[in-house]
Structures are given as C-alpha cells and as structure tokens.
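Data block below; observations after.
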Protein chains: 2
Amino acid sequence: MPLRRTSLETTTASGLPEFGRLDRATLQTQAYQQLRKAVMGGVFRPGTVITIRAAADALGTSPMPVRAALQRLEAEGALVARGSKRTLEIPNLSIEEYHELRDIRIVLEGLAAERAVANIEAAELQEVERNCRAMQEAADAGDREGYVRANWTFHLSIYRASHMESLVAMIEGLWLRVGPYVQLMMPDRKSMVASMPDHWHMVEALKQRDGRAASQAIADDISHSAVNLMKVLKHR
Amino acid sequence: MPLRRTSLETTTASGLPEFGRLDRATLQTQAYQQLRKAVMGGVFRPGTVITIRAAADALGTSPMPVRAALQRLEAEGALVARGSKRTLEIPNLSIEEYHELRDIRIVLEGLAAERAVANIEAAELQEVERNCRAMQEAADAGDREGYVRANWTFHLSIYRASHMESLVAMIEGLWLRVGPYVQLMMPDRKSMVASMPDHWHMVEALKQRDGRAASQAIADDISHSAVNLMKVLKHR
DNA sequence: ATACGAGATTTGTGATCACAAGAAACGAAG
DNA sequence: CTTCGTTTCTTGTGATCACAAATCTCGTAT
C-alpha cells in the first residue's frame, strides 16, 4: 500500500473542512512506523537484508523517506550494517548479546513496574487486567501471533502507568531489538500457557501495591522467556 | 572546518599508498560525531535552535549529511522538534523529566558498575584509577571544562569494563541528554572537589570487588549531581 | 497603542540524479 | 574442478532542486 501524505489544503468546496485522513505525518515517519511494527512483530528473521530501494518499492514511495526511516532504525540497533558496511540487516544476536539485553530489560522494566505500582490509577489498573485476560485467552487458544501482540499490549500498559515517558521509550527500543526473537520464544501452546502465572503475579502486585513483587514478577517473566529461547535455539 | 571525505584512490604517483588520513567515515557520521560532542560538552544551552542549513554552513558541507545527523540526534532525544514542529532545539528539561533521567541513570549505570566489578581486568582498573586522579587534579585546579571532560572519561572507563556494549551505548545516550546541564551542575571549585569522594569510592569498590558498593557509589554521585543542579536552577 | 492579516522569508521534506565502492557474476588459466 | 582477476550490477551517500507549511515582517484598521 503506497504511503500518501495528504496535503492540508483539502477543504471541501462547500463549507466544512472534512477532517483530513490524518496521515499528516511525514512519509519518513510513516515508513518508520510501518517498518518498526514489522520488526517488533517478528516479521523479519534475523539476518534478513533490507535495502533502501527494495523497501521503498514495497512501501510505494521514493527512496528518500525510507532512507531516513532505516537510518533511524539503525541508530536504535534494530538494524545493523552488514559485514563490510554496505547494506543493513536484522541483527543476529549472539547468546552473550541477548543475555546483555535481558539484563538491561530486567532493571529497566523492573524500574517501570515499581513506579507503576506507585503511580497507577484505577482506570489504568482495570485496563492492565483486561489486557492480561486477553493474553490468557490467546494463550489458551494457542494463537501465537495474538499472544505476542497481547503480551506487548499488556506490558506496555503497565509501563505507561509509571508515567515515565523516556523510560517507556527506552523499553520500546529494547523490545524492538528482541522483536525478531519473540515468536521463537513461544514455540507452542504449552509455553504460552506456562508464561501466564508470571503475568498474573504482575497484576496481583499492582493491586496489592507491592513494588518489590511487581519488579520481581517482571524479572521472572523476562528470565523465563530467555531460558525458553535458549532451549529453542539449542534445539536446532 | 569543512568536513571532507577522502576518496580511496589517493595513491602517491610513486609507490607507497600513503595511508589516507582515515576520514573514510561518511560525512553524515562525521557531522553526527561533531554535533554529538558539542552537545555532550554543553556547548549549546537548552533552548538553542539548530537548523539544517545553518549547521551545514557551520560544518562546511551540503545540507544532506547534516540532515541525517540531526535526525539521528532527534531520535536519541538530544534534540526535540520545536513547538509546532518546524525546527529542532536543545530540549529544556522540566524538573520531572530531569529526575526521570536521573532515576534511569541510577539503575543503568549502577548495573554497569556492578558488572564492571565482576569483569574488570588489571589494566582497565589501572586506567580507571589514572582517570580518577586526572579528575581530582582538574577539580583541585577549579578547571570546570577539564573536570567535565575528565568526569566523562572516568565514568566511561568504568562502564566499558563491564564489557556490555549495548549498555554502554544506552548510557552514552543518557549523557547526551543531560549534557547541556553538566556544566551547570558544577558551578564552582567547591562543588567539583565535593564530588570527588563518591568517585574515589567507586575506585575503592572496584579494587575490593564489591559490586554493591560500586553501584551505590554511582547512585550517590548521580543523586548529588542532581541536587546540585536543582540548587543552581532554583537560584535564579 | 494593539490586534490582525496579507505578503515575504525561512525551513523541513521529498524527489531525482551522479558517483564511489562493495558484491556478484563470469571467464580464463592452472 | 578450483582459483583468481576482470567486468557488471547493486547499493548507500551526497548534492541539488521544488514545494508546502511554519514563521516572521510590516502595514492597516479598530
């Protein structure tokens, strides 16, 4: 679907301004968001090469906005310059690199959870619980794609409750980097269902206003996921 | 000084290849590094407006590489889009935003210090101690610019000893955002000298291989700096 | 004086083109 | 069949131009 940037001067000849279709965002922003969503969702396998012109064709624009989008993704570590520099690719994380990201995630997401406990409002807590139920349903149904999406929605709703904008942005950057692996971490229905207790612990900790328990539950979830991934990677 | 990208085909007519002065880096990379250094060093006051064309003139290149460099700095939060979108400026951090960055720094730099204790090698430890002495000298001399530079060198040498590349990169990103304020945090010789105990504690903790003490010393340093800054900002 | 609006200027965005250098395809020699 | 050098193709980089929209500048009206 070609990206389009609606001009502002689209007023109906007669009267009302006909609220623009709201892609007032620049093309490079749209390109960035689409690519980002794809990376986070695990659409690209590690090692996939992405070129400016190819992505531009796929998105239906000129290379220019895509160049900016890819450079930004590179700056965030979602893409890395290939071997001797020429093209970009989805990084193949070594075990050490993955463990490093895991440890960073534990302290950062732990901090967010702790602050969420302190700052969360009633409406936010209800939404967190709703998101957890949705994740439970996806897990029970063995719907991996739905589970991955629901999992991110759930975690994000907690982190946002910390009301720490920069922190949430940094966490998003980390998820972007582990995105290509999230599908792998949940190979079957069993592993999805097995992840749910950690998540319900988070909800419980939020209700009890227990910061320590909340960050512990986050740490457990991240650790368990990492163990899962190692098992899957070893297995082949 | 105009940026220049030496072409590879610079072989002397007679014989040896005359090792190119190595600015094989792209112009946008050079532009990024120069601007980054300036921001981290506190060259620009918060609120300073930076435009593509102006920066391009200053660096002596076309707008193109500078555009990429500025977009990257924006992605990292070192620059923010001004009011209604048009230009970029050095962010004016609110007290809440600054405290948020402080708290993130405490967990991230604390983690780095803890891991540095576990992984540091003899040569690295010597360099850390040397850097601390250099900072002490700058503090004693009341050399603020030298102190700020030495302070960053010292901290960086510790964090690098963690051998966690992504973590160091994220910490650098945070220092980039607080860069415009570091000069303000050390208004006089007294405050510089007063900061030294925390730093010597870090060295001591590294020597004793006490991870807890190391991360505590980091947290103290960051907290004290924040208090300092608040005092200065209140004062006017 | 102050508020408002039309015109001029500035600025980021996006398109297109040229080019150097990496990557791949190909062919000849051993 | 393998290896190495040459040619061709691909790809990121940077320059330049056009344009929409934000910002600034004044002059006019209230």
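Convention: sequence-line order gives letters A, B, ...; per-chain numbering from 1. Excluded from the calculations below are hydrogen atoms, water molecules and symmetry mates; all remaining heavy atoms, backbone and side chain alike, are included.
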task: Determine whether any donor atom in the side chain of B:R53 lies under 3.5 Å from an acceptor atom in the base of C:dG12, or the reverse, and answer yes or no.
output: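 Per atom types, the contact qualifies.
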message: I'd like to know if A:R82 reaches the base of C:dG22 with its side chain, counting only an N/O donor and acceptor under 3.5 Å.
response: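 Such a pair does not exist between side chain and base.
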Any idea which of [options] is nearest the [X] side chain?
{"X": "B:T87", "options": "C:dT11, D:dT13, C:dG14", "result": "C:dT11"}
{"X": "A:R67", "options": "C:dG12, D:dT13, C:dG14", "result": "D:dT13"}
{"X": "B:P65", "options": "C:dT11, C:dT13, D:dG14", "result": "D:dG14"}
{"X": "A:M64", "options": "C:dG14, D:dT13, C:dT13", "result": "C:dG14"}

Rounded to the Å, how far apart are [X] [atom1] and [N] [atom2]?
{"X": "A:D57", "N": "D:dT10", "atom1": "CG", "atom2": "P", "result": "13 Å"}
{"X": "A:L70", "N": "D:dT11", "atom1": "CG", "atom2": "C1'", "result": "12 Å"}
{"X": "B:Y32", "N": "D:dG14", "atom1": "OH", "atom2": "P", "result": "15 Å"}
{"X": "B:Q30", "N": "D:dG14", "atom1": "CD", "atom2": "P", "result": "9 Å"}
{"X": "B:E89", "N": "D:dT23", "atom1": "CD", "atom2": "P", "result": "11 Å"}
{"X": "B:L79", "N": "C:dG12", "atom1": "CG", "atom2": "C1'", "result": "14 Å"}
{"X": "B:L27", "N": "D:dG12", "atom1": "CG", "atom2": "P", "result": "17 Å"}

task: Under 4.0 Å between any heavy atoms, over every strand shown, what does A:E74 touch: base, sugar-phosphate, or nothing? Just pick one.
output: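 Since no nucleic acid heavy atom lies under 4.0 Å of A:E74, the category is nothing.
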task: Would you mind telling me which residue lines up with the more 5' stretch of DNA chain C, A:T61 or B:I52, judged by nearest nucleotide?
output: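 Residue closer to the 5' terminus by nearest nucleotide: B:I52.
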- request: For the residue pair A:N131 and A:H155, confirm or rule out a side-chain donor-acceptor distance under 3.5 Å.
  value: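 No, because no side-chain N or O of A:N131 sits under 3.5 Å from a partner of the opposite role on A:H155.
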field: Basic-acidic side-chain contact under 4.0 Å: B:R177, B:E76
entry: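 No, no charged N to carboxylate O under 4.0 Å.
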task: For the pair B:D188 and B:R144, find out whether any cationic side-chain nitrogen is under 4.0 Å from an anionic carboxylate oxygen.
output: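 No, B:D188 and B:R144 are not salt-bridged.
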message: Rounded at 0.5 Å granularity, tell me how far CZ in A:R115 sits from NE2 in A:H163.
response: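 Atom-to-atom, A:R115:CZ and A:H163:NE2 are 13.5 Å apart.
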- prompt: Taking only N and O in the side chain of A:Q71, is any of them less than 4.0 Å away from OP1 or OP2 of D:dG12?
  reply: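 No, because none of the side-chain N or O atoms of A:Q71 sits under 4.0 Å from OP1 or OP2 of D:dG12.
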B:R160 atom CZ: more than 12 heavy-atom contacts under 6.0 Å: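 Incorrect, the count does not exceed 12.
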